[in-house]
Each structure stands twice: as C-alpha cells, then as structure tokens.
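Proteins get letters first, then strands, A, B, ... in listed order; numbering begins at 1 in each. Reckoned from all heavy atoms, side chains included, excluding hydrogens, waters and symmetry mates.
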Amino acid sequence: MSDITSKSRGVRVRFAPSPTGYLHVGGARTALFNWLFARGQSGTMILRVEDTDAERNKPELVQGILDGLQWLGVDWDEGPFYQSQRTELYRAAAKKLLANGTAFLCYCPAEKYAGGDHAEPGQDEEPKGGGPRRVTRCTCRDGKPSNPDVKPAIRFKVPLGGTTKFLDAVFGEREFSNDEIEDFVLLRSGKGEEEFGQSMYQLGVVVDDIDMRITHVIRGADHISNTPKQVLLYRALGAQPPVFAHVPLILGADKSRLSKRHGATDVNMYRAEGFLPEAFRNFLALLGWSPGGDEEFIRTKDLIEKFSLAGVSRTNAVFDRPKLEWFNTQYLQKLPIEELLPEVENELRRSGLWKPEWAAGAAPGPDGRDHAWFAKTVDLLRPRVRLLPDFSSWSRAFFSDDFLRDPAAIAKFWKDPKTPELLAKLADALEALSEWNHDACDHASRAVAEAGGVKAGLLINATRVAIVGQAVAPPLFDTMVVLGHQRVVRRLRDAVSTFGKS
RNA sequence: GGCGCUAUGGUGCAACGGUUAGCACGUAGCCCUUUCAAGGCUAAAAUACGGGUUCGAUUCCCGUUAGCGCUACCA
C-alpha cells in the first residue's frame with residue numbers, strides 16, 4: 001500500500017459536488033481531503049459540477065458551493081467543469097459500449113424500476129419476511145425487438161457470475177459479486193426530439209474521471225457500493241481504474257446521517273457565525289483522519305504535510321460542535337496577531353465599526369489610534385472571544401464611543417450606593433495622572449478604593465461597567481490603557497451622570 | 001428483505017499481538033483571580049457481546065447484536 005501514499009508526481013484528484021443543495025459539511029470534508037492530498041503530493045485539484053439531473057439540479061446553488069469552498073480555502077487548478085455541458089462525451093461513450101456489446105438498449109418503461117412492484121418498500125412499510133426483491137437483470141439485455149412507441153434508455157450489461165474487485169486505499173481490497181449488481185442505466189431515454197437524454201451518475205463519473213485523468217478518487221464511503229459498477233465501466237471502456245479512497249461519513253449527535261435537525265450543516269452558516277476558516281479546516285480534517293499521534297492543533301501547512309490516505313479512518317464520525325468551538329478559540333488565541341487582524345477587520349466592517357486609520361500603514365486618526373493600537377486592542381480582547389462577532393458585540397466599547405451599558409452588568413456591579421461617589425473620585429484621580437500606563441492606573445484606583453473604605457474589587461468591577469458597559473471584559477487596567485486617558489475619564493463622568501437613571 | 005461497511009469513555013482520535021489502554025473536547029472539583037475567559041492540577045468515564053487462534057488479544061478469524069451505507073431513467 002506504500003505505493004499509494006508515497007509521493008508521486010502526476011496525482012490528479014477532483015471534488016465533484018452536485019448542485020442540489022448547499023455545501024454540506026460532509027462534502028466540505030471530502031473536498032478538504034482531496035485538497036490536502038493534492039497539495040501534499042504537488043498534484044492537481046479539479047472541480048467538477050455534477051449536474052446531469054435537470055430536475056433536481058438548481059444552477060443558482062453552484063455559487064454558494066463555490067463560495068463555501070473559497071471560504072474554506074480549498075482552491076482548484078482546473079474547472080469548474082459542468083457535466084451538463086459535456087453530454088456529447090457521455091453519449092459517445094454509451095454508444096461505444098453499445099457497439100462493443102457491454103451495454104444494451106432498454107425499452108422498459110421507467111416506472112417499472114422507479115416504483116411499483118419491483119421497487120423497495122417505503123421506509124414506513126415493514127420489509128419483513130420475503131419482501132419484494134429488486135430486479136437486477138433486465139429482460140432487454142438479450143435484445144428486445146425495438147418498440148417504436150418508446151424511446152430506449154441505455155443500460156450496462158453486467159456480467160453474469162464472477163466478481164469485481166478494486167483496491168481502496170482506506171478499506172483495502174474489496175470484492176463484490178456481479179450477481180448483486182443490477183443492469184444500471186447509463187443514459188436516460190430521450191425526450192422530444194433527442195435520441196437519448198442526459199447521462200446517469202455512473203457513466204458521467206467514469207467518463208469524466210478517465211477524461212480528466214484522475215488518479216485518486218477520494219469520496220464518501222456511501223459510494224463504496226457504486227464502485228464495482230464503475231470498475232466494470234472502466235474495463236468496458238478499456239481504461240485502467242484509479243485508486244479509490246473512500247472516507248467515512250459524518251454523522252449527527254444521534255449517530256444518524258447529519259441533517260438540518262442536528263444544527264447547521266451548511267458550511268456557509270459557519271462562516272456567517274464567525275468561525276475562522278483555518279479552525280474549521282483543522283476541525284474537519286480530524287474528522288475521519290489522524291496524523292497518528294496526539295497533536296490536534298495543526299495549522300494548514302502542517303495538515304498538508306502530514307495528510308495521508310493511510311491515516312484515514314474507516315469509522316463514521318460524529319460532528320461535535322463544542323469541539324469545533326474549542327478549535328476556534330484556540331486559533332483566536334494562538335494565531336500570530338497579524339494573521340488574525342484581517343478577520344477582525346472584516347467583522348468590524350460588517351458591523352460598521354471599522355475605521356480606516358486602523359489599517360496597516362495608515363496615518364493615525366484624530367484620537368491617535370492607529371494600526372498598532374488596533375493590534376494591541378485585538379490582542380487584549382482575543383482570549384475572551386469565541387466567535388468573530390464578539391468583537392462587535394460585547395467588545396463594542398473598544399472600537400466605538402457609541403455603546404450602551406448592559407443593564408445586567410449595572411445591576412450586578414453598581415449595587416453599592418457609594419458607587420457614583422467613588423467613580424467621580426476615580427475620574428478626578430485618573431485625570432490628574434501625568435503618566436498613563438497600567439501601573440499608574442492601578443495605583444490610582446486602589447488609592448481611591450482605600451480612601452473610600454471599599455475593597456478594590458468593588459471599584460474595579462464598577463469601573464469596568466462604567467467604561468466598557470459590560471460585566472465581561474479584559475483586565476481593567478489594560479483596558480484603561482488601550483482606551484486612552486481622556487476617554488476613560490470622560491466615560492467615568494458620563495457614568496456618574498447616568499447613575500440612578502433608567 | 002438483499003448486499004456491503006463499521007464497532008476503544010458521552011464525542012473526536014492514539015495504541016497497528018505484550019502499555020497501569022494514551023491525548024483532546026465535554027463534564028465535576030480545586031488552584032489562580034479584578035468580571036468573564038484563558039491557564040494549571042485532579043476526578044469520573046471505554047476496548048459492544050459470545051466463541052475461537054495464540055504463551056499472550058483493543059489488535060487476527062468466525063458468529064451475534066447494533067449503527068450506517070447502497071439497493072432510482074438521484075448524485
């Protein structure tokens with residue numbers, strides 16, 4: 001198996017979403033694995049949109065999928081290719097199979113297979129004892145007299161007896177009995193003028209994977225059962241199958257297939273919530289894959305270096321949101337500050353709090369704040385931030401003078417009747433300071449508390465509410481320094497004047 | 001129903017015949033403390049069950065059970 005995972009040039013992989021929905025976290029994980037593998041092997045990543053079902057396909061969803069991939073940081077070297085625009089390729093392949101005897105025209109009405117007697121009982125029915133059997137062999141395979149009233153579909157003529165095997169980089173050698181494989185449809189029957197309709201999934205993937213010279217097919221384990229059909233197609237088409245690598249599925253907390261009722265499954269919702277893409281990537285990478293040791297905080301460049309198909313697990317994984325949040329806080333805290341700043345800038349732009357003078361290289365604003373101030377402030381705030389929007393919500397008073405004091409914080413920390421008097425004295429004491437730094441603020445504050453006969457903590461907590469409006473904030477004296485001398489004094493006096501009101 | 005895949009604490013992973021079964025999230029407690037976090041320490045918590053193979057099984061084989069997947073003119 002070493003030949004599969006060893007460095008080899010010419011690796012070509014693809015991510016092939018179907019635009020019948022948004023970018024699901026499961027799809028995102030598959031895309032990520034393909035991408036990590038491609039980048040680690042200096043290979044080529046291809047994006048292919050599998051939109052051969054005109055009825056279910058929604059073209060407007062493609063952009064959302066592309067946006068999701070972009071946010072995730074998964075880029076591609078070729079494509080996006082659209083299967084709906086490659087119809088001729090599939091028809092030619094189907095005709096070739098017809099010609100070499102590995103496919104046949106099927107005149108059966110579509111309904112015969114789509115429902116009715118031969119189909120699977122519905123989920124609500126009891127499939128007990130000797131329920132309906134699927135038909136796996138179509139009677140048209142030995143040549144049916146053509147029926148002028150119906151347009152035929154093209155089906156694959158699955159060999160009678162024997163087995164089909166393939167190599168899976170994750171699951172090992174797999175072997176399936178051909179008798180379990182039905183004569184699947186390759187090409188839909190034509191509608192109106194056309195001779196044949198669109199390609200079906202099995203034909204499309206194989207024709208494209210051959211055409212695009214895909215070397216490794218990395219996809220969800222729900223495709224394991226499809227793989228022997230595709231291997232048969234490769235053979236019939238005279239092509240060599242690629243290496244397959246099926247990755248385990250992602251489940252919800254109750255271990256059923258991840259769906260909306262488990263919470264967000266659309267990758268774009270995580271972007272909207274304010275997760276950092278790299279944290280999301282790190283979390284996703286560890287769902288069904290492990291570098292082998294105990295490390296968990298793995299930056300993307302190391303993910304690329306460490307990723308291997310041999311490290312992919314065979315067991316389904318549950319999507320654990322609390323762990324994702326933990327990863328996010330880890331990145332919020334550990335990222336070099338200059339890497340975090342652009343994310344915070346985006347967030348502040350979104351909420352309208354951003355000021356251009358905080359950009360790198362810009363001239364300081366009228367209040368003296370510049371990029372260095374911005375970096376220092378974000379650095380102070382980040383240990384307490386869980387999601388990007390926190391920079392706009394409870395951190396608002398750091399970036400804007402237009403903020404409200406949280407009533408709950410007031411109720412909790414302004415209980416003591418001496419509060420306004422203390423805050424007024426503190427304002428005076430701080431105003432008189434000739435130096436504005438942590439220790440000066442500290443000493444002045446404690447002196448006021450002592451003179452007023454209260455514990456420092458009481459003054460400190462009351463002051464926090466006064467100057468940032470929140471019960472939760474960074475250490476007070478660091479906060480004062482970052483806010484600035486005049487602003488702190490002004491907010492303190494404002495607090496005194498509002499005391500008792502509301 | 002048929003076929004297939006899987007099975008380590010609640011969750012994600014490690015241990016790829018020999019460990020007191022390790023790490024992380026979460027949970028509980030303690031420490032720190034200026035709020036809230038972070039951080040540090042500690043605790044509870046797992047090899048699904050039954051048979052084999054072996055000097056020795058989490059690890060290899062079989063069965064059972066459970067979960068999941070496929071079983072469309074969906075992808």
Side-chain angles (χ1 to χ4, degrees), chain A residues 16-20 50-53 55-57 83 106 108-115 119-121 126-134 136 152-155 171 174 176-177 179-182 184-189 191 196-198 200-202 204-205 220-228 246 248-249 251 253-257 283 286-297 311 313-327 329 333 382-386 394 409 412-413 442 445 455-461 463-465 470-477:
Chain A
S18 175
T20 52
E50 308 213 322
D51 54 352
T52 53
D53 186 341
E55 286 172 26
R56 295 162 52 98
N57 174 39
Q83 290 193 320
C106 174
C108 297
E111 313 82 65
K112 174 178 176 183
Y113 298 95
E120 173 73 358
E126 284 292 313
K128 291 245 164 60
R133 291 283 127 77
R134 267 206 55 73
T136 58
I154 297 179
R155 284 182 187 273
F171 289 87
R174 295 291 120 182
F176 288 76
S177 166
D179 291 333
E180 298 296 335
I181 305 172
E182 73 276 15
F184 54 97
V185 175
L186 263 17
L187 224 51
R188 280 173 251 250
S189 52
K191 290 197 178 77
F196 291 106
Q198 291 274 290
M200 289 290 286
Y201 170 69
Q202 314 289 358
V205 244
D222 49 341
H223 286 288
I224 290 178
S225 301
N226 288 325
T227 308
H246 289 99
L249 270 23
L251 310 175
D254 60 357
K255 304 218 173 185
S256 69
R257 194 167 201 169
F283 168 71
L286 260 18
L287 238 37
W289 173 77
S290 157
D294 284 338
E295 341 128 77
E296 292 207 287
F297 184 87
S313 154
R314 293 180 304 284
T315 68
N316 295 166
V318 171
F319 186 91
D320 187 42
R321 183 174 165 117
K323 186 88 179 234
L324 167 62
E325 291 179 357
W326 177 78
F327 271 109
T329 59
Q333 286 174 54
R382 63 168 164 173
R384 262 149 273 255
V385 171
R386 301 195 70 79
W394 63 258
K412 184 174 181 188
F413 292 121
D442 190 339
S445 301
K455 294 208 292 193
L458 187 146
L459 211 216
I460 287 169
N461 289 331
T463 303
R464 179 178 302 106
V465 177
Q470 298 290 323
V472 176
L476 187 69
F477 307 122

Hey, does the side chain of [X] come within less than 4.0 Å of [N]'s phosphate (OP1/OP2), counting only N and O?
X        : N     : value
A:Thr52  : B:A75 : yes
A:Arg257 : B:C70 : yes
A:Ser290 : B:A14 : yes

Check this for me, if you would: do A:Asp53 and A:Arg56 make a salt bridge, where the nitrogen-to-carboxylate-oxygen distance has to be below 4.0 angstrom? yes
Considering only the [atom1] atoms, how many Å lie between [N] and [M], rounded to the nearest integer?
N     : M     : atom1 : answer
B:A38 : B:A21 : C1'   : 30 Å
B:C49 : B:G29 : C1'   : 35 Å
B:C5  : B:G40 : P     : 43 Å

Please state how far atom CD in A:Glu180 lies from atom C1' in B:C3, giving the value in whole angstrom units. 5 Å
Protein-nucleotide distance (A:Glu325, atom CD; B:A24, atom P), rounded to Å: 20 Å
Assign A:Arg56 to base, sugar-phosphate, or nothing according to its heavy-atom contacts below 4.0 angstrom with the strands shown. base
A:Ser225 or A:Arg174, whichever maps to the more 5' nucleotide of RNA chain B: A:Arg174
Closest to the A:Val318 side chain, choosing from B:C68, B:G4, B:U11: B:U11
Letter by letter from the 5' end, nucleotides 27-48 of chain B scores (B base, S sugar-phosphate only, - none; protein heavy atoms under 4.0 Å) -------BBBBSS---------
Are A:Asp222 and A:Arg257 close enough, and set up right, to give a side chain to side chain contact (heavy atoms under 4.5 Å, CB included), and what steps lead you there? CA-CA 11 Å; A:Asp222 49 341; A:Arg257 194 167 201 169; 3.3 Å; yes
